[in-house]
Amino acid sequence: MADPTPALLAELRQAAILADLPDPDLAWLAEQGEVRAVRQGELLFAQGDPADRMYVGLEGVVETHRAGVPSGVPPYSFGPGEVYGVIPFSRMQGFPAGGVAVTPTLRVFAYPRDGFDALLARAPQLE
């Protein structure tokens, strides 16, 4: 990824766990991940997909839907400033539900699970 824009850094700071990261560490994090855009009705991830990403909501809302959940049970949703998916020290191996964009525009920052060691070495306060 190219140098992160000030706008992306501001969006990432919406997440409570990233709000206090020093600027160089946040810029490094932004360079290691990617911004993904998904249109309304499209899957960000499917139930059972490998949990290989941490997602930070930037714009729009994702609802999660899991097979076998009784009707009437509201889906879990996440949006700007919220974190979903695998996080450091998580044991989650697969997504327990599928995540679908429910707003016209969905943008998330995706950080790979295999980068957590480097992230925690650089920003141990996230531990």
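We use all heavy atoms of the structure for the numbers below, so side chains are in, but hydrogens, waters and symmetry mates are not.
Put simply, CZ on Phe109 and CD on Gln32 are 8.0 Å apart, with the number rounded to the nearest 0.5 Å. Atom CG of residue Leu18 and atom CG of residue Leu9 lie 10.5 Å apart, to the nearest 0.5 angstrom. With rounding to the nearest 0.5 angstrom, the CD1 atom of Ile87 is 7.0 Å from the CD1 atom of Ile17. Note: Arg53 CZ to Leu44 CG = 10.5 Å, rounded to the nearest 0.5 Å.
Of all non-hydrogen atoms in Pro4 and Ala27, the two that sit nearest each other are CG-O, 3.7 Å. When every heavy atom of Pro80 is checked against every heavy atom of Gly60, the shortest pair comes out as CD-O, 3.3 Å. Of all non-hydrogen atoms in Ala110 and Tyr55, the two that sit nearest each other are CB-CE2, 3.8 Å.
Between Pro22 and Gln125, the closest side-chain pair of non-hydrogen atoms falls below 4.5 Å. Tyr111 is not listed as a side-chain neighbour of Val56, based on a closest heavy-atom distance of 4.5 Å or more. Proximity of Thr64 to Gln47: side-chain heavy atoms (C-beta onward) are nowhere separated by under 4.5 Å.
Partners of Arg39 under the side chain to side chain donor-acceptor pair (under 3.5 Å) rule, at least two apart in sequence or in another chain, do not exist in this structure. Taking the side chain to side chain donor-acceptor pair (under 3.5 Å) definition, one finds that Arg113 meets it with nothing, sequence neighbours left out. Every ring pair (Phe, Tyr, Trp, His ring centres under 6.0 Å) that Tyr84 has, sequence neighbours left out, goes to Phe45, Tyr76, Phe78. Scanning for side chain to side chain donor-acceptor pair (under 3.5 Å) contacts around Gln40 gives an empty result, with sequence neighbours left out.
Connection of Val38 to Val100 is not established within any shared hydrophobic cluster, with ILVMFWY side chains joined at heavy-atom distances below 4.5 Å, either directly or through further cluster members. Side-chain heavy atoms closer than 4.5 Å link hydrophobic residues (I, L, V, M, F, W, Y) into clusters, and following such links, even through other members, never connects Leu106 to Leu43. Put simply, Val102 and Leu58 are part of two different groups of oily side chains (I, L, V, M, F, W, Y) that touch within less than 4.5 Å, one to the next. The hydrophobic cluster containing Val35 does not contain Val61, counting ILVMFWY residues as joined when their side-chain heavy atoms lie under 4.5 angstrom apart, directly or transitively.
Residue pairs meeting the salt bridge (charged side-chain N to carboxylate O under 4.0 Å, His left out) criterion with at least one partner in residues 58-84, sequence neighbours excluded, are Glu59-Arg107. The stretch residues 15-28 participates, sequence neighbours left out, in these side-chain hydrogen bond (donor to acceptor under 3.5 Å, both in side chains) pairs: Arg13-Asp23, Asp25-Arg122.
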